[in-house]
Peer 1: 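Starting off with a structure, shown below.
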Amino acid sequence: MPTIQIDATKGAKKLPTHAKVVVVGGGVVGCSILFHLAKFGWKDSVLLERDELTSGSSWHAAGGIHTISSDPNISRLQSYTINLYKEIEELSGQSVGLHQTGGFYAASTKEWYDYLKGERSKARYMRLDQEFISPKELAERHPLIDPDHYHAVLWDAQDGHLDPSGTTYAFAKAARAHGAQYFTHCGATAMTQRPDGSWDIVTPKGSINAEHVVNCGGLWAREVGHMAGINLPVQPMEHHYLITEPMDEVVNFGQQLPHGIDFEANVYCRQEGQGMLLGTYEAKATPWKVGGTPWDFGHELLPPDLDRVADRLETAFERLPAMANAGIKDVINGPFTFGPDGNPLIGPVPGMHNYWVAVGVMAGFCQGGGVGLTLAEWMIDGEPSIDVWAMDVARFGEFATPDWGSIKSSENYERRFVMTFPNETLPKGRKQKTTALYDRMIAKGAVMDQSFGLEHVLWFGDGPDDAHEIPTFERNRSHDYVGREIKAVREAVGGIEIANFAKHEFKGAGARDFLNHILAGYVPKPGRLTLTPMLTPKGKLYGDLTVACLAEDHFMLFGSGVMQEAHRRWFEKDLPTGIAYVNASDDWHGIALSGPKSRELLARITRDDVSAEAFKFRDVRQTFVGGVPVIINRISFSGELGYEIYCKPQYLMRLADAIEEAGADLGFRWYGARALLSMRLEKGWGVWTMEYRPDFNAVESGMDVFINWKKDFIGKEATLTARNEGVSQKLLTMVIDTDGIDVVHDEAILKDGTPVGYVSSGGYAHHVGQSMAMGYVAAEFASPGTTLQVEILGRLYDAEVLSGPIYDANGVYMRS
Ligand SMILES: Cc1cc2nc3c(=O)[nH]c(=O)nc-3n(C[C@H](O)[C@H](O)[C@H](O)COP(=O)(O)OP(=O)(O)OC[C@H]3O[C@@H](n4cnc5c(N)ncnc54)[C@H](O)[C@@H]3O)c2cc1C
């Protein structure tokens, strides 16, 4: 059982009146952040805890630690977390009770075996220590297991378990050893911001002023957020595990049993003393205190309700038969906090100044170290050392209301050990945001997904009854339908909704200078468009944006929809006075037309001269199309002649009517995101969050071709260094020799059996009839013509590096 510790410093010190940082919350996450801040030099950091340390969910965690995560960078941070435990133990003199027993992930179905093969492939290029062992070998390492239930087992030597309370104290004491301070029985009861941006935090022991505040409130994250006027979409959930009486099978084994997860049975287990600990995520989640966590909740547990987990325990006992006869010593039901997609929400909150969060950390003992590292780097260096998009609080915007947060967090809890196939979309919290065309698209057979809260079309079946997926790791049932959409675009004309592109509007006399400073590329003249990377001071990619100059002092930037709040945060950080900036993404919906007949279609519904001479590639215009006011960009992401037509949401239906009517005899067809992503592969164009992300710089990604070297811009020095010294990895496009299967992302790329990189994205390129992928590999293997292998579901497929776009290499169609 976790140990509860009494804090000897209680009441001993006087709260200072000022600190560089105040961390609110002394669970494992807050203590890890305090430790990292102090270790990296911000010793003037103070943690406030309303009770004793560990008084939220940290004290009653099951203490399991493992590296597997859906996001590779989170896996890396989990590996960092586990490796950190020895350091904090030595520094603090406080045992963390680490048992690095190794851990297993047991697959009892072919699908789970396939999933684990994908995990193994990721581990391969991340150099994590994972290997497949046979069920028989597992039974030798864990004699309670009945191996007959399993196909295969993935083994990770880093996994194990620890003492949650000891670990939290070790972080806190190690932070103190580095010069930070923590105060218990000193809860934040209110906080206000001064005009200089610093925060006054009120506690029963007086007020403390701090430059930065970090909300690590865990179970009370929402309430601590309210003190600063924000609503965080996180939700505590009830969770059960049980502990058995000592078992002969455990005692007689003579060594620690490994940690383990059986996804299909939906259980995790580990040794606890001389017995076993076994936990499960119920099929029907029980959100706890939806209306708010009471302040008087302390070191308490919730009444157990074994009926809720009975079916799961039955399956578990079939797989660990000795447990069926073991006495139950304890049943723990405790709450812990989930985010809408199961990953933490960390970083500076968009729209706030010096207000940071590290909340919704549902696996604090696997991830707490990595969260602390990342947040400290972000606060001190201005950016984390690796891309932490999967944890960035900015991936949620206004749409992520408390209600939506509870619904999605519950869904995530229920699906914690449930397979999500690459072609599957999650059902809960849908239709949070829709466009005026939603019903029309559904009636036409659209299969939708949600992105930044907004519904958008993936592909079209033959009417609503045909609009469904069959979950699979292989080529899915949308394949031929997507091919049909692409044929229409490549041969005639297609239309896709573009409400989900971000739009950022800048107005003011200083806008051009500001954009020249923050963007690495060219800022266009009035009436023109440019494509530009946006870089961090360390030269990492932070955006790939289309810039439209509507007037000398009026610009519209188009970019990744999911990054819109992260970009807003970036733009607002150092926005000079006199420039009006707004994230206008919801103010502009629209339709992109693509295909050789798109000009003919457009000409039918506008009075403008849209001939090739009058409306050139990369022109932008404010005009009227289909009788409604629009902005048109003459560009396309399909590689065809094309136009992005943006209108105010209230005009979208009218615009769509006009397009459908005018396009009927031209072969017009609506298409979805899957078709678009396939077509851009044929052009070798990357996508934000996949190819383009802060893990890479402009030279590695090839985005340096868009840089305007004649000016100064953020990240110039670092990019010049990368250009002059060369880079060790490069983005490439490959064709792969597969049969009925394509990459998704995060597959290992190998050269002669040795991992040399990873797949960032890919799929089937319908027009050229090839399976394709993009990815980053060691620079020496990126030359055109190099043969590599890609690992898909455990099989190696030959791949060849391309020298350029496989379709319309010189961009003739696009410019026509
Ligand atoms: C039954 C169960 C089993 C689990 N098993 C595992 C596991 O095996 N592995 C794993 O990695 N994770 C596990 N977890 C999850 C883990 O416990 C959490 O991820 C972790 O505790 C989150 O830590 P935290 O610091 O974010 O939040 P918390 O532990 O909730 O800490 C928040 C702290 O903030 C303090 N606080 C709140 N408001 C204020 C205020 N206004 N002023 C000052 N202080 C304040 C609280 O008193 C509390 O101490 C489990 C959780 C449960 C419930």
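First listed ligand is number 1; within each ligand, the first listed atom is number 1.
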Peer 1: Go through ligand 1 atom by atom and flag the ones less than 4.0 Å from a non-hydrogen atom of V224.
Peer 2: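 Answer for ligand 1: 38 (N), 41 (N).
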Peer 1: Considering only protein heavy atoms, which is closest to atom 8 (O) of ligand 1, and at what distance to one decimal place?
Peer 2: G64 N, 2.8 Å
Peer 1: Name the residue from R270, Q100, H161 that meets the side chain to side chain contact (heavy atoms under 4.5 Å, CB included) definition with Q256.
Peer 2: H161
Peer 1: With respect to S58, determine whether any N or O atom, backbone or side chain, lies less than 3.5 Å from an N or O atom of ligand 1.
Peer 2: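 Yes: some nitrogen or oxygen of S58 is under 3.5 Å from one in ligand 1.
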Peer 1: Taking N or O atoms only and a 3.5 Å limit, does H60 qualify as a polar contact for ligand 1?
Peer 2: no
Peer 1: What are the two closest heavy atoms between W112 and M419, and how far apart are they?
Peer 2: CZ2-N, 3.4 Å
Peer 1: Check each heavy atom of W220 against ligand 1 and say whether those closer than 4.0 Å belong to the side chain, the backbone, both or neither.
Peer 2: side chain
Peer 1: What residue and heavy atom of the protein are closest to atom 31 (O) of ligand 1, and at what distance?
Peer 2: G27 CA, 3.4 Å
Peer 1: Can you check whether V29 has an N/O within less than 3.5 Å of an N/O in ligand 1?
Peer 2: yes
Peer 1: Please confirm whether the ring centroid of Y115 lies under 6.0 Å from the ring centroid of F263.
Peer 2: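 Yes - the distance between ring centres of Y115 and F263 falls below the 6.0 Å cut-off.
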Peer 1: Mind checking whether A358 contacts ligand 1 via backbone (N, CA, C, O), side chain (CB onward), both or neither, at a 4.0 Å heavy-atom cut-off?
Peer 2: neither
Peer 1: Which residue holds the protein heavy atom closest to atom 41 (N) of ligand 1, what is that atom called, and what is the gap in Å?
Peer 2: A188 O, 2.9 Å
Peer 1: Hey, which atoms in ligand 1 end up nearer than 4.0 Å to a heavy atom of V361?
Peer 2: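 Close to V361: 18 (C), 19 (O), 22 (C).
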Peer 1: Relative to the heavy atoms of A62, which atoms of ligand 1 are at a distance of less than 4.0 Å?
Peer 2: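 In order of number, 3 (C), 4 (C), 5 (N), 6 (C), 8 (O).
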Peer 1: List ligand 1 atoms under 4.0 Å from G187, heavy atoms only on the residue side.
Peer 2: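 Ligand 1 atoms under the 4.0 Å threshold to G187: 42 (N), 43 (C).
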Peer 1: Mind listing the closest non-hydrogen atom pair of I380 and F40 along with its distance?
Peer 2: CD1-CB, 3.6 Å
Peer 1: If you count the atoms of ligand 1 from 1 in the order shown, which ones are under 4.0 Å from a heavy atom of F336?
Peer 2: 14 (N), 15 (C), 50 (C), 51 (C), 52 (C), 53 (C)
Peer 1: Taking K329 first and then E245, would you say they form a salt bridge - that is, a charged N and a carboxylate O separated by under 4.0 Å?
Peer 2: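 No, K329 and E245 are not salt-bridged.
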Peer 1: Would you give me the side-chain donor-acceptor pairs under 3.5 Å for residues 356-375, sequence neighbours excluded?
Peer 2:
residue	atom	partner	partner atom	Å
W356	NE1	H212	ND1	3.1
Q367	NE2	Q78	OE1	2.9
T374	OG1	G370	O	2.7

Peer 1: Check whether any N or O atom of L53, backbone or side chain, sits under 3.5 Å from an N or O atom of ligand 1, and answer yes or no.
Peer 2: no
Peer 1: Looking only at distances, please establish whether an N/O atom of ligand 1 is found under 3.5 Å from an N/O atom of R50.
Peer 2: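 Between R50 and ligand 1, an N or O pair is found under 3.5 Å apart.
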Peer 1: Could you check whether atom CD of E314 has more than 12 heavy atoms from other residues, nucleotides or ligands sitting under 6.0 Å from it?
Peer 2: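 Not more than 12 within 6.0 Å, no.
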Peer 1: So which bit of W59 gets within less than 4.0 Å of ligand 1, heavy atoms only: side chain, backbone, both or neither?
Peer 2: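 W59 to ligand 1: no contact under 4.0 Å from either part.
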Peer 1: Heavy-atom contacts under 4.0 Å between F183 and ligand 1: side chain, backbone, both, or neither?
Peer 2: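 For F183, no heavy atom sits under 4.0 Å from ligand 1.
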Peer 1: With nothing but distance in play, are any N or O atoms of F365 less than 3.5 Å from an N or O of ligand 1?
Peer 2: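 Min N/O separation from ligand 1 is below 3.5 Å for F365.
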Peer 1: Any side-chain to backbone donor/acceptor pair from Q130 onto A123? Under 3.5 Å, distance only.
Peer 2: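 Between the backbone of A123 and the side chain of Q130 there is no qualifying donor-acceptor contact (under 3.5 Å).
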Peer 1: Near L48, which atoms of ligand 1 are under 4.0 Å from a heavy atom of that residue?
Peer 2: 43 (C), 44 (N)
Peer 1: Are R141 and W155 in a cation-pi setup, meaning NZ or CZ lies under 6.0 angstrom from the ring centre and within 45 degrees of the ring axis?
Peer 2: yes
Peer 1: Would you mind checking if K122 and E119 are paired as a salt bridge, meaning a charged N to carboxylate O distance below 4.0 Å?
Peer 2: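 Yes.
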Peer 1: Looking at C366, which atoms of ligand 1 are within less than 4.0 Å of one of its heavy atoms?
Peer 2: 11 (O)
Peer 1: Any Lys/Arg nitrogen of E223 or K289 sitting under 4.0 Å from an Asp/Glu carboxylate oxygen of the other?
Peer 2: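 Here E223 does not pair with K289 in a salt bridge, since their nearest N and O are not under 4.0 Å apart.
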Peer 1: Would you check whether C186 has a nitrogen or oxygen atom less than 3.5 angstrom from a nitrogen or oxygen atom of ligand 1?
Peer 2: no
Peer 1: Starting from atom 2 (C) of ligand 1, find the nearest protein heavy-atom neighbour and note its residue, name and distance.
Peer 2: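 For atom 2 (C) of ligand 1, the nearest protein heavy atom comes out as H239 CD2, 3.7 Å.
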Peer 1: Nearest heavy atom to atom 40 (C) of ligand 1: which of L302, V24, T189, V23 does it belong to?
Peer 2: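 Closest candidate by heavy-atom distance is V24.
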Peer 1: Is there a polar contact, in the sense of an N or O pair closer than 3.5 Å, between L219 and ligand 1?
Peer 2: yes
Peer 1: So W288 and T293, do their side chains get closer than 4.5 Å, heavy atoms only?
Peer 2: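 Of all side-chain heavy-atom pairs linking W288 with T293, at least one is under 4.5 Å.
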Peer 1: Considering G368, A61, P236, which one's heavy-atom position lies nearest to atom 50 (C) of ligand 1?
Peer 2: A61
Peer 1: Could you tell me which atoms of ligand 1, counted from 1 in the order shown, lie closer than 4.0 angstrom to a heavy atom of G334?
Peer 2: 53 (C)
Peer 1: Give the residue, atom name and distance (to 0.1 Å) of the protein heavy atom nearest atom 34 (O) of ligand 1.
Peer 2: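 Going atom by atom, the protein heavy atom closest to atom 34 (O) of ligand 1 ends up being G25 CA, 3.1 Å.
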Peer 1: Using a 4.0 Å heavy-atom cut-off, which part of H161 comes near ligand 1: side chain, backbone, both, or neither?
Peer 2: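 Contact part for H161 vs ligand 1: neither.
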Peer 1: I need the single residue from E238, H60, H239 that forms a side chain to side chain contact (heavy atoms under 4.5 Å, CB included) with F336. Which is it?
Peer 2: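 Looking at E238, H60, H239, the match for F336 under the side chain to side chain contact (heavy atoms under 4.5 Å, CB included) is H239.
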Peer 1: Ignoring angles and geometry beyond distance, decide whether Y268 reaches within less than 3.5 Å of ligand 1 through its nitrogen or oxygen atoms.
Peer 2: no
Peer 1: To which protein heavy atom is atom 49 (O) of ligand 1 closest, and what is the distance rounded to 0.1 Å?
Peer 2: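 Among all protein heavy atoms, the one nearest atom 49 (O) of ligand 1 is E49 OE1, 2.7 Å.
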Peer 1: Would you call K408 and D341 a salt bridge, using N to O less than 4.0 angstrom?
Peer 2: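 Salt bridge flag = no for D341 with K408.
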Peer 1: Please work out whether any backbone atom (N, CA, C, O) or any side-chain heavy atom from C-beta onward of P335 is under 4.0 Å from ligand 1, and answer side chain, backbone, both or neither.
Peer 2: backbone
Peer 1: A side-chain contact here means heavy atoms from C-beta on lying under 4.5 Å apart; do Y355 and N215 qualify?
Peer 2: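 Yes, at least one pair of side-chain atoms sits under 4.5 Å.
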Peer 1: Please test D196 against S198 for side-chain hydrogen bond (donor to acceptor under 3.5 Å, both in side chains), starting from the C-alpha separation and ending with a verdict.
Peer 2: CA-CA 6 Å; D196 68 1; S198 70; 2.8 Å; yes
Peer 1: Can you figure out which of G26, G63, S57, C31 has its heavy atom closest to atom 20 (C) of ligand 1?
Peer 2: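 Answer by nearest heavy atom: S57.
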Peer 1: Among protein heavy atoms, which sits nearest to atom 27 (O) of ligand 1, and what does the distance come to when rounded to 0.1 Å?
Peer 2: G218 CA, 3.2 Å
